[in-house]
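Here's the structure, in structure tokens; my notes come after.
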Amino acid sequence: MKPATKFIHAGAEPDPSTGAIMTPIYQTSTYVQEAPGKNKGFEYARSQNPTRKALEEALAAIENGKYGLAFSSGVAATDAVLKLLSPGDEVLTGNDLYGGTYRLFTKIYEKFGIRFRYVDMTDNAAIEAAITDQTKLIWTETPTNPLMNITDIGAVTAMAQKRQVLVCVDNTFASPYLQNPLDFGADIVMHSSTKYLGGHSDVIQGALVMNDPALREQLYFIQKSCGAVPGPMDCFLVLRGIKTLHVRMQRHCENGEKIAQFLRQHPGVGKVYWCGFEDQPGYAVAKKQMRGFGGMMSFTLKDDSVETAMKVLSSTKIFSLAESLGGVESLINHPASMTHASIPREERIKNGLSDSLIRLSVGIEDLEDLVLDLEQAIGK
Ligand SMILES: *Cc1c(COP(=O)(O)O)cnc(C)c1O
């Protein structure tokens, strides 16, 4: 099935009881059984729910995977993957991570005896050198949030498979329309469905997709045992979001490219981080594993002071100042004080995330309005 057809039809079967074309919101906690142990495949809604099941099938289909699992948030999905591990195990990960992932690693899992090693995930030799006998999981984001660094998924999975290390890719920034990590050998794909999958800034949700049935069983066991499941209404919203993912992403890519070029030639702008520039270090790898470059980017100002950045951040009228990304509306964000405030300042600066960095989630509005808005805000 071609992508657009798949995004619209994945997981969508007419409702068996009425023929409803849209999956109903099965707002129920339990299911009546015919006799003890005799049921229609649904026993209790933490374990199974038909709306969630339809969504999980859609998630699997759009990531070219066999199994999908939906969670109550992106971090709950990440949390489930970490629960595959035992004390003493090591996770190899990037030094440029979503702030909430870093917080989960350092503030929650370190105290349970899981060790985290941070390497430059754009450097294959450094990754290979950092794998030890204790390494059980490689966790990577590509492109990264907010510096748009690129990890070579195929190269990392090749070195991990030799050592029987699991690879999980946070594919939130690219979305399944632009990148499918399982096709490059990753074991698990993780999403914050809150972002592009939902697409309308109206739901918090997470997802995991995988191919291996044993891994699916382990993660399903964690999902139902720990209980971080999304409600049926939220599953419905993400299912609906997925149906327009391809058209939204096409416009995010078009607007993103034009805004990145506009910023790059602007005399008031310093460095622009966007993975579609041919002279960007990760470009060749991005080109190989992505179908487009999306609407996420970051930039600094020529006058690299926090005060000037703050002025720009509070002067936009169409770009709303907010955390999150991937919705139809454009957002502007200050990673140092907002999305990445949980990373210690020295760590941030060391990894290139300066106090004046501004991140954009370019939406799908008319390009002219977005350009004019940035023009007036940077011009001030
Ligand atoms: C938002 C985000 C998360 C966390 O997801 P939530 O849905 O907010 O829990 C994880 N990774 C990335 C890259 C994100 O942008």
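Counting starts at 1 for both ligands and their atoms, following the listed order.
- Only one option out of Val156, Asp170, Ile150 pairs with Thr142 in a side-chain contact (heavy atoms from CB on, under 4.5 Å); it is Ile150.
- The ring pair (Phe, Tyr, Trp, His ring centres under 6.0 Å) analysis of residues 13-32, with sequence neighbours excluded, yields the pairs Tyr31-Phe42.
- Annotation: side-chain hydrogen bond (donor to acceptor under 3.5 Å, both in side chains) contacts of Glu329 (sequence neighbours excluded): Ser201.
- In this structure, Phe293 has its ring center under 6.0 Å from that of Tyr283.
- Annotation: Glu110, atom CD; neighbour count of heavy atoms from other residues, nucleotides and ligands within 6.0 Å is above 12.
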Using a 3.5 Å cut-off on N/O to N/O, what pairs does ligand 1 make with the protein? A line per pair would be great.
| from | atom 1 | to | atom 2 | distance (Å) |
| --- | --- | --- | --- | --- |
| ligand 1 | 5 (O) | Ser192 | OG | 3.0 |
| ligand 1 | 7 (O) | Gly74 | N | 2.9 |
| ligand 1 | 7 (O) | Ser192 | OG | 2.8 |
| ligand 1 | 7 (O) | Thr194 | OG1 | 2.7 |
| ligand 1 | 9 (O) | Gly74 | N | 3.0 |
| ligand 1 | 9 (O) | Val75 | N | 2.9 |
| ligand 1 | 11 (N) | Asp170 | OD2 | 2.7 |
| ligand 1 | 15 (O) | Lys195 | NZ | 2.8 |

Just list the side-chain donor-acceptor pairs under 3.5 Å for residues 222-234, sequence neighbours left out, or say none.
| from | atom 1 | to | atom 2 | distance (Å) |
| --- | --- | --- | --- | --- |
| Gln223 | NE2 | Glu56 | OE2 | 3.1 |
| Gln223 | NE2 | Ala70 | O | 2.8 |
| Ser225 | OG | Phe221 | O | 2.5 |

